[in-house]
Amino acid sequence: MENPKVIAIDGTSASGKSTTSKALAKRIEFVYVDTGAMYRTLAWFCVKSGVDIHDEKKVSAACRKWKTRLTCVENEVRLLVDGYFPEKEIRTEETSAAVPHVAAAPKVRDWMKKTQRDCIRFGNLVMEGRDIGSNIFPETDYKFYLDATLSVRSQRREAEGVNENLAARDERDSQRKAAPLMIPLGAIPIDNSNMTVDEVCDFIIGEMNRVDGKAD
Ligand code: DC
């Protein structure tokens, strides 16, 4: 495919990035990439292999050596480790607690950048994360930043059965040295506190058409 398009969806925790990105990818037949799942996969791999997640050098070494492969199944990119996709394992509490530590290592972020950019070989992408528009694909014309009020986001987490201090997590994600969470330059902020998923998708598609010069 010549010049595949990348839609970068960044935003705070529980801002609806995954739900929106999946729905959008399905609607416009783009490939969906969950970059958080890649960080989670490394965190799971480190814990499973006995790598101290607080030791940046050891985590970076594990990331340099692990045997991974990207595949695309039903329009979703998967990161396989030794041929295995740890779909369930990366969502456990243990993995969730470990992931911010591995995600803070600059060498890990370098590896992720290379791997995430490589996803372009699967075609047009909807890629969600924290630094997609600022760091992974800063050149894309389609950048969006999702957010919702703290109370709406907390309610969403609670509905998923997860009790999480989102304010603390926002603070940690925005304060870290390597690729902190921020509104990427040129990104369109969307507060979806009072919007349905379909409405957010309509808005994004409308903005893409406007950028492409297709708007009325
Ligand atoms: O979106 P998520 O909860 O699955 O993300 C898991 C962790 O990875 C979270 O601590 C933020 C981090 N992350 C990141 O630093 N950069 C990304 N592009 C995606 C996720």
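Order of listing sets the numbers, starting from 1, for every ligand and every atom in it.
Polar contact check, K17 against ligand 1: no nitrogen or oxygen pair lies under 3.5 Å apart. Between Y39 and ligand 1, no N or O atom pair is found at a separation short of 3.5 Å. Below 3.5 Å of separation, one finds an N or O of R130 facing an N or O of ligand 1. Any N or O atom pair closer than 3.5 Å counts here, and D131 shares at least one such pair with ligand 1.
Contacts of R169 with ligand 1, taken as heavy-atom pairs under 4.0 Å, involve the side chain alone. Residue contacts with ligand 1 for R40 involve side-chain atoms from C-beta outward but no N, CA, C or O (heavy atoms, distance under 4.0 Å).
Without hydrogens or angle criteria, R40 side chain to V99 main chain gives no donor-acceptor distance under 3.5 Å.
In this pair, F203 and F144 present their aromatic rings perpendicular. The plane angle is above 60°, beyond the 30 to 60° band.
Not a single heavy atom of Q116 lies less than 4.0 angstrom from ligand 1. Remark: distances from the non-hydrogen atoms of M112 to ligand 1 are all 4.0 Å or more.
Applying the 6.0 Å contact sphere to CD of E160 captures more than 12 heavy atoms from other residues, nucleotides or ligands. Within a 6.0 Å radius of CZ in R117, other residues, nucleotides and ligands contribute more than 12 heavy atoms. The neighbour count for E199 CD, taken as heavy atoms of other residues, nucleotides or ligands under 6.0 Å away, is above 12. Counted within 6.0 Å of CD on E139, heavy atoms from surrounding residues, nucleotides or ligands total more than 12; the atom is thus considered enclosed.
Ion pairing of D202 with R27 is present here, as a side-chain N (NZ or NE/NH1/NH2) and a carboxylate O approach within less than 4.0 Å.
Close approach of ligand 1 to R176 is summarised as follows: ligand atoms under 4.0 Å from at least one heavy atom of the residue are 14 (C), 15 (O). Here is the list of ligand 1 atoms found below 4.0 Å of a heavy atom in G36: 4 (O), 5 (O), 19 (C), 20 (C).
Partners of S134 according to the side-chain contact (heavy atoms from CB on, under 4.5 Å) rule, which considers only residues two or more places apart in sequence or in another chain, are D131, M182, P184. Under the side-chain contact (heavy atoms from CB on, under 4.5 Å) criterion, D34 pairs with Y32, A37, R91, E128, sequence neighbours left out.
Among S134, S15, A103, G129, the residue whose heavy atom sits closest to atom 12 (C) of ligand 1 is A103.
Closest to atom 16 (N) of ligand 1, if we only count protein heavy atoms, is R109 NH2, 3.0 Å. Looking only at protein heavy atoms, the nearest one to atom 19 (C) of ligand 1 is T35 OG1, 3.4 Å.
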